[in-house]
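See structure below.
Proteins get letters first, then strands, A, B, ... in listed order; numbering begins at 1 in each.
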Protein chains: 2
Amino acid sequence: MHDMVDDISSLAPIEKQTLHDQVASQLRDLIIEGVLEPGSRIDETALVERLGVSRTPFREALRTLAAEGLVVIRPSKGSIVRKLGAGEVHSMLEVLAEIERLAGRLACERASDAEIAELLDIHDRMISLYRTRDRLPYYKLNQLFHSRVAAVSRNATLVEVQANIQSRLKRIRFVGNRKPEDWANAVADHEQMAAALRTRDGEALGEIMAVHLVRTWDRVKDSL
Amino acid sequence: MHDMVDDISSLAPIEKQTLHDQVASQLRDLIIEGVLEPGSRIDETALVERLGVSRTPFREALRTLAAEGLVVIRPSKGSIVRKLGAGEVHSMLEVLAEIERLAGRLACERASDAEIAELLDIHDRMISLYRTRDRLPYYKLNQLFHSRVAAVSRNATLVEVQANIQSRLKRIRFVGNRKPEDWANAVADHEQMAAALRTRDGEALGEIMAVHLVRTWDRVKDSL
DNA sequence: ATTTTGTATGTTGTATACAAAATTAAGGGC
DNA sequence: GCCCTTAATTTTGTATACAACATACAAAAT
């Protein structure tokens with residue numbers, strides 16, 4: 001049954017999803033969740049078969065993912081899931097740190113009170129998930145927190161760059177935080193973020209968000 | 001007639017450019033140079049005809065440029081050259097400022113003496129082009145300077161993000177610096193960059209590069 | 001036994017063909 | 001004249017077909 005619509009203004013144009021877009025987001029998920037392993041070949045014939053689409057939209061999707069840095073297309077030799085070396089991961093974290101520093105600063109300047117409250121709410125839920133050691137939900141909420149900080153900074157380019165680097169790193173970051181003390185340290189960082197948010201101290205928030213990513217590097221560097 | 005090859009080691013593997021890649025870089029040039037105007041529709045049939053390729057590699061190239069943010073593909077309604085609003089340009093400069101601040105800092109830490117010398121050489125050439133008011137060559141050398149700073153910072157992600165934002169802004173920035181005093185101010189900024197480079201003062205270089213971009217916004221904001 | 005050459009197979013790149021939209025043009029009523 | 005409806009035309013999305021290329025394997029030669 002459909003929900004009633006009281007107001008015509010709430011009617012958003014129904015999004016037309018092309019096959020290309022659907023394939024692209026499906027592949028993105030497969031890569032981020034690690035179903036398609038880094039370095040492994042992307043079997044066009046098999047996946048095309050499995051997804052029930054022709055090669056044309058599939059290959060267009062591959063181009064998109066290549067531009068996003070998730071796959072590498074080697075001319076005439078097939079595509080592989082991009083495998084990140086330690087150097088590349090480090091370079092991403094280095095850039096992401098400055099992006100998030102900016103995000104933190106702008107968020108405190110530009111977010112509404114309601115948006116700050118929303119961020120703090122996410123934070124609280126993270127803490128209770130930490131208490132019960134629910135790792136996967138914590139991880140997801142953590143991603144959401146960082147995305148939302150970017151969003152309320154009201155800078156579209158920042159959101160885009162953050163999302164892009166974030167998606168490339170997703171797999172790696174999930175592997176981190178395995179050691180209990182690592183997780184505890186990460187939570188401590190987040191408590192500082194919450195404190196900075198409450199006082200709208202942009203410099204402090206930016207600083208701790210940047211530091212948090214430097215520490216992320218320390219946490220994951222050995223598993224590369 | 002072919003040149004003689006004395007030595008087999010001088011034989012480099014012949015580069016195979018796919019049509020996709022060639023089309024993509026051609027289109028990029030057409031967009032950046034403004035031959036295809038922002039907001040205008042990209043006539044697939046006409047361009048395909050003109051480039052002498054089929055629609056398949058052409059459309060793949062469009063997907064790539066869409067992911068790069070140079071074109072917008074509206075499902076079933078054709079593609080247009082992305083038109084940047086004032087807000088978007090501002091958001092890009094805001095992010096680029098922090099990227100270049102990082103680049104300046106890392107360049108001073110990591111570049112070799114030869115690389116610093118190379119940057120200073122570019123700077124000197126820019127100054128002499130300024131003296132003779134050679135606007136286009138100055139502009140190109142300016143782009144090169146910023147790209148090279150990013151390159152010697154030895155951070156692949158930084159290079160990628162910088163190049164991406166830079167290419168989106170190329171058109172807009174060329175329009176700026178039209179007023180003589182604007183250009184003079186830009187040159188003054190660059191003198192400070194050179195000074196910081198000579199002493200390898202990363203913080204100072206980063207700061208002036210960031211400030212330079214804030215000033216760029218002041219220069220271009222009215223023409224949007 | 002090892003390298004080389006030829007052939008076969010599969011995979012990738014590009015072109016064409018077809019179907020579904022969307023845009024434009026044409027006609028008819030008011 | 002203008003607006004609406006409907007037909008014609010173009011444009012877009014997807015599938016298929018073909019060609020170019022790379023890889024794998026087998027046979028021949030060193």
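Checked against side-chain hydrogen bond (donor to acceptor under 3.5 Å, both in side chains), B:T18 has the following partners two or more places apart in sequence or in another chain: B:D21. Residues satisfying the side-chain hydrogen bond (donor to acceptor under 3.5 Å, both in side chains) test with A:R101, not counting sequence neighbours, are A:E98, A:E207. Under the rule for a salt bridge (charged side-chain N to carboxylate O under 4.0 Å, His left out), A:K170 has no partner lying at least two apart in sequence or in another chain. For A:D134, the salt bridge (charged side-chain N to carboxylate O under 4.0 Å, His left out) criterion is met by no residue, not counting sequence neighbours. The side-chain hydrogen bond (donor to acceptor under 3.5 Å, both in side chains) search around A:T216 returns A:R219, not counting sequence neighbours. For A:E160, the side-chain hydrogen bond (donor to acceptor under 3.5 Å, both in side chains) criterion is met by B:R168, not counting sequence neighbours. Take A:D189 and apply the salt bridge (charged side-chain N to carboxylate O under 4.0 Å, His left out) test, not counting sequence neighbours, and it matches A:R215. Under the salt bridge (charged side-chain N to carboxylate O under 4.0 Å, His left out) criterion, A:D222 pairs with no residue, sequence neighbours left out.
A straight line from CD of A:E60 to C1' of D:dT12 spans 11 Å, rounded to a whole angstrom. The interatomic distance linking B:L19 (CG) with D:dA20 (C1') rounds to 12 Å, in whole Å. Rounding to whole angstrom units, CD1 of residue A:I73 and P of D:dC21 are separated by 18 Å. Atom C1' of nucleotide C:dA22 and atom CD1 of B:I80 are separated by 16 Å, given to the nearest angstrom. Between the CD atom of A:Q17 and the C1' atom of D:dT14 there is a distance of 16 Å, rounded to whole Å. Spacing between atom CZ of B:F58 and atom P of D:dT11 amounts to 13 Å, rounded to whole angstrom units.
Taking 4.0 angstrom as the limit, A:S54 places none of its side-chain polar atoms (N or O) nearer than this to OP1 or OP2 of D:dT14.
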Kindly give the atom pairs (protein nitrogen or oxygen, nucleotide nitrogen or oxygen) under 3.5 Å for nucleotides 7-12 of chain C.
residue : atom : partner : partner atom : Å
C:dT12  : OP1  : A:R41   : NH1          : 2.5
C:dT12  : O3'  : A:S76   : N            : 3.4

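Residues A:H146 and A:E100 have side chains that bring a donor and an acceptor to within less than 3.5 angstrom of each other.
Among residues at least two apart or in separate chains, side-chain hydrogen bond (donor to acceptor under 3.5 Å, both in side chains) pairs with a member in residues 70-87 of chain A are A:R82-A:E88.
Contacts of residues 64-72 of chain A with DNA chain D (heavy atom under 4.0 Å): none.
Shortest non-hydrogen contact noted between A:V81 and A:E37 is CB-O, 3.4 Å.
Across all strands shown, B:T56 has heavy atoms under 4.0 Å from base atoms, whether or not it also approaches the sugar-phosphate.
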Query raised in the report: Can you give the dot-bracket line for DNA chain D, where a pair is Watson-Crick or G-U wobble with both atom distances under 3.5 Å, crossing pairs use [ ], and | marks a partner on another strand?
Result: ||||||||||||||||||||||||||||||
